[in-house]
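The structure appears below as structure tokens.
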There are 2 protein chains.
Amino acid sequence: MTRVPNTDVREPVNAATDTCQLRDVLDRVGDKWSVLVMALLADGPRRYSELQRAVDGISQRMLTLTLRSLERDGLITRSVTPTSPPRVDYALTPVGETLAVEVSSLMRWAEQHRAYVANARLWYDASNS
Amino acid sequence: MTRVPNTDVREPVNAATDTCQLRDVLDRVGDKWSVLVMALLADGPRRYSELQRAVDGISQRMLTLTLRSLERDGLITRSVTPTSPPRVDYALTPVGETLAVEVSSLMRWAEQHRAYVANARLWYDASNS
DNA sequence: CGGGATCCAATGAGATACTG
DNA sequence: CAGTATCTCATTGGATCCCG
């Protein structure tokens, strides 16, 4: 992803600068599981096993990777209670909550335009039979 | 993606219903190229070659696939001017513009919290040296 | 110019088994 | 319970060549 100074006259929406800044967030939001986990945590802290049951369909591997990644980005916290058996709780950080707000905004868009998109697809597929 | 009625007592944020409705949008937004293309088109119609130069880094294959997919979902239009050489313009549909608004909202979030995330990563990586 | 078709490498992600 | 490790397969995506 080497980026070169934009020398185009009609600056193309400064793809060069915006792209790099966006990539991190988009990879986060675009990740199939990250947003689902964040949506769950938006309602309050959850344990590892709670998340695994709630997300339903996620593998242990992916849940762990997703949580690690979110934690690394400072979007969630991981708190261990060293009882036996151990207990681990995950929760959104303040910044994580602000992203969750954006995500829920996207969710509303999805609900409102779901039918439109579904219809557009039927139309398109029919046209290119 | 088989989904089963949720029988859990403490309904887990209805992952079952929300998930399916979300998936389409998230796959769209999460797609590395779709959002970049939409961001460019938010400033007005663009030709195929303009997009390819502007996005910079995208291959012909992916640009074509991205455009087809966006068109299929009714988010952009494709208009051919049968001159020689041919000219093809892409533009956002009204619904596409509403999604572009959401995306630009995400872009603002990215700008505002970019430093935070970068810092969090350095921190995390340092802790787990 | 605006693609379509094909081949191939990299990544993503599920299944399974094992551990403190 | 809350993971880690490995193996494997499916998908993504770049490179290349070709066409109307």
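Computed over heavy atoms, backbone and side chain alike; hydrogens, waters and symmetry mates excluded. Labels below follow one simple rule: chain letters A, B, ... track the order of the sequence lines, proteins then strands, and each chain is numbered from 1. Predicted, not measured: the structure shown is a model, and the values here were computed from it.
Applying a 4.0 Å cut-off to non-hydrogen atoms, the residues of residues 67-89 of chain B that approach DNA chain D are Pro86(B), listed by residue number.
Taking OG1 from Thr66(B) and OH from Tyr90(B), the interatomic distance works out to 10.5 Å, rounded to the nearest 0.5 Å.
Classified by interplanar angle (parallel below 30°, tilted 30° to 60°, perpendicular above 60°), the ring pair Trp109(A)/His113(A) is tilted.
Residue Tyr90(B) has a polar side-chain atom (N or O) positioned under 4.0 Å from OP1 or OP2 of dG3(C). Contact between the side-chain N/O atoms of Ser49(A) and the OP1/OP2 oxygens of dA2(D) is found at a separation under 4.0 Å. Put simply, Arg47(B) has no side-chain N or O that comes within less than 4.0 Å of OP1 or OP2 on dC1(C).
A donor-acceptor contact under 3.5 angstrom links the side chains of Ser69(A) and Arg28(A), judged on distance only. Side chains of Thr77(B) and Glu71(B): no donor on one and acceptor on the other come within 3.5 Å.
Separating the OH atom of Tyr48(B) from the C1' atom of dG20(D) is a distance of 15 Å, rounded to the nearest angstrom. One atom, CZ of Arg53(A), and another, C1' of dC1(D), lie 11 Å apart when rounded to the nearest Å. When rounded to the nearest whole Å, the span between CG of Leu65(B) and C1' of dG4(C) equals 10 Å. What separates CG of Asp27(B) from P of dT11(D) is a distance of 13 Å, to the nearest Å. Nucleotide dG2(C) holds its P atom 14 Å from the CD1 atom of Ile58(B), rounded to whole Å. Whole-Å rounding puts the Glu50(A) CD to dG3(D) P distance at 13 Å. Atom-to-atom, CD of Gln60(A) to C1' of dT4(D) comes out at 9 Å; the value is rounded to the nearest Å.
The two atoms that bring Val35(A) and Val29(A) nearest to each other are CG1-O, 3.4 Å, heavy atoms only. Closest approach of Tyr48(B) and Gln60(B) over heavy atoms only: OH-O, 3.3 Å.
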Contact list (N/O, under 3.5 angstrom) for nucleotides 11-13 of chain C vs protein:
{"from": "dA13(C)", "atom 1": "N7", "to": "Arg61(A)", "atom 2": "NH2", "distance (Å)": "3.0"}

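Between Arg121(A) and Asp73(B) there is a salt bridge, since a side-chain N of the basic residue sits under 4.0 Å from a carboxylate O of the acidic one. A salt bridge does not link Asp27(A) with Lys32(B): none of the charged nitrogens is closer than 4.0 Å to a carboxylate oxygen.
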- Task: Take Val55(A) and Leu40(A) through the side-chain contact (heavy atoms from CB on, under 4.5 Å) test and state the conclusion after the steps.
- Result: CA-CA 8 Å; Val55(A) 175; Leu40(A) 283 163; 3.4 Å; yes
